[in-house]
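Data block below; observations after.
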Amino acid sequence: MPYDPKLFARRRADIAERMRAHGGGVMLLPAAEEKARNADNDYVFRQDSDYFYVTGFEEPQGAALLFADPAPGKPAFLMFVRPRDRDKEIWTGKRAGVEGAKAVYGADDAFPLPEMEGKLLELLDHPGPLWYRVGCGAEWDARVARILNTLRSRVRTGARAPDAIVDPGRVLHEMRLVKGPAELDRLRRAVEITAEAHLAAMRDGRPGAREYQVQSEIEYAFRRRGGAGPGYGTIVAAGANSTVLHYRAGDAVLHEGDVCLVDAGGEYRYYTADVTRTFPVSGTFTPAQRLLYDLCLSANLLGIEEVRPGATMDGIHDKVVRHLAEGLVRLGLLEGNAEERIADGSIKRYYMHRTGHWLGMDVHDVGAYYLDGKSRPLVPGMVLTVEPGIYVAADEAKAPPEMRGVGIRIEDDVLVTEDGCENLTWMIPKEPADLEAACAR
Ligand SMILES: [Mn+2]
């Protein structure tokens, strides 16, 4: 899907309207900066999600300004961008420059970076709040503080320093939480790519393979289909590594009789999938692994079943926790009664994380989870993960030896629809028979 200037123009009109409902003012959004990895070598650049959401612009450095109520004839959307520079462009590629910012990206006005601070001083002399997210970068925080102090020192000559700083997330993150059709198209592409990657992992995650080899198959699948790469650090966890929640693919060998937990999602044009599957390295679970797997799978299916407009994250989590606790009591991993084991926290020996999170441009996507202190009701267009897990630590004395060092998580990406939900990642095998077929060599 190519860059669509109308989509971003509509978004900015929507943002301005929402800003007006919160006192108007001006929004300042810094672009991401390139970050040094080592010596004169940078990390792969990725634009800031908020900045991309508003501008569609993928070059580093600079900022965008949005005015909720521009005076007649004054610009509503301005950009500060790297200037065209023939010498630098030979080394690092073509830049849009101020001309491109206006002609392609729809800026009403644009300035080269060297003029940014001076122009901001002029432009932020404006009534209403300043929408700026404090704390995301020391350099930007210092720059904003400098500008505010200068404006405050000029109040006697009529300057208007903003009298409130508001987090742009109040508007942007609420918008990003509910996905539009163009966003869902991208998310679906991310899911397709991710499905291929998980199938490759199941195919190649055989006895004797190393975690990094499985990782390379996964990331190859992301990239060869035009994805940007992984949307977060790929987890390939063999054997007892599966019980470490944020383990990254290392160099451990996959052994016959072990499970392999893969938590990997491809990013496609700024939208990422987030999927976990756990499969038997031999192709068939041991009886003990199968008991744990079936419990986790039933919790995953139950959680997805609960996703519909009006349901809440807390409600879904509570149902999943109760289901897991009952199952763990039945399996003898917890003693006594499920309700008590939830109340005294001992369920957390095996299930210590939340059942889901918002998903979108960021893997743990933005948007409030609670409104007025209450878990917010789901509405159509939200995308969340449902990801119950059971983790039996390698040294868990209460568990039978054949269950120790087994971690299982099953994670799907679920879209809330008008009448329920759609599991976007339905095609990635998770029923034991389908897993066995996918693992067959
Ligand atoms: Mn997740």
Side-chain angles (χ1 to χ4, degrees), residues 49 173 176-177 179 183-184 186-188 190-195 197-198 201 215 218-219 222 227-237 241-249 259-268 270-279 293 296-297 299-304 306-307 311-321 324 348 350-369 375-376 378 382-391 407-416 421-430:
S49 295
H173 296 175
R176 280 175 54 191
L177 179 54
K179 275 72 180 170
E183 297 184 279
L184 289 173
R186 290 178 175 204
L187 209 43
R188 286 178 199 280
V191 162
E192 272 176 44
I193 291 169
T194 298
H198 276 269
Q215 175 193 13
I218 290 166
E219 295 181 1
F222 292 158
Y232 56 94
T234 298
I235 296 174
V236 178
N241 292 336
S242 60
T243 64
V244 179
L245 299 182
H246 284 170
Y247 180 83
R248 292 289 181 86
V259 297
C260 181
L261 183 154
V262 172
D263 185 345
E267 180 176 294
Y268 181 79
Y270 289 88
Y271 290 80
T272 189
D274 179 10
V275 176
T276 309
R277 290 293 184 262
T278 309
F279 62 85
Y293 189 86
C296 189
L297 179 58
N300 164 278
L301 296 171
L302 170 75
I304 295 170
E306 292 295 320
V307 178
T312 64
M313 284 274 207
D314 274 4
I316 296 164
H317 180 66
D318 290 347
K319 287 221 161 110
V320 164
V321 167
L324 287 175
K348 292 187 177 151
Y350 304 106
Y351 184 48
M352 57 299 275
H353 59 74
R354 298 286 301 177
T355 300
H357 53 80
W358 309 132
L359 180 70
M361 300 183 81
D362 298 327
V363 61
H364 293 160
D365 208 27
V366 293
Y369 284 85
S375 188
R376 78 187 297 164
L378 302 179
M382 288 177 172
V383 179
L384 60 147
T385 65
V386 175
E387 51 177 308
I390 301 170
Y391 311 92
I408 290 161
R409 179 163 67 250
I410 307 172
E411 174 177 33
D412 284 294
D413 302 342
V414 183
L415 166 68
V416 183
C421 72
E422 179 188 344
N423 178 7
L424 299 173
T425 48
W426 63 273
M427 74 295 277
I428 307 176
K430 64 180 173 181

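Numbering of ligands and ligand atoms starts at 1, following listing order. Here, residue 1 is the first one in the sequence, and each next residue gets the next number.
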Short side-chain to backbone donor-acceptor contact, R376 and A368, under 3.5 Å: yes
Expected output: side-chain Y232 to main-chain G265 donor-acceptor under 3.5 Å: yes
Of all N/O/S atoms in E411, the name of the one nearest the Mn ion (ligand 1): OE2
Closest approach to the Mn ion (ligand 1) by D274, given as the N, O or S atom name: OD2
Backbone or side-chain N/O/S of H364 under 2.8 Å of the Mn ion (ligand 1): no
Derivation of the side-chain hydrogen bond (donor to acceptor under 3.5 Å, both in side chains) call for E387 and T276: CA-CA 8 Å; E387 51 177 308; T276 309; 5.0 Å; no
Under 3.5 Å: donor-acceptor pair, side chain of R176, backbone of M361: no
Metal site the Mn ion (ligand 1): N/O/S of E387 inside 2.8 Å: yes
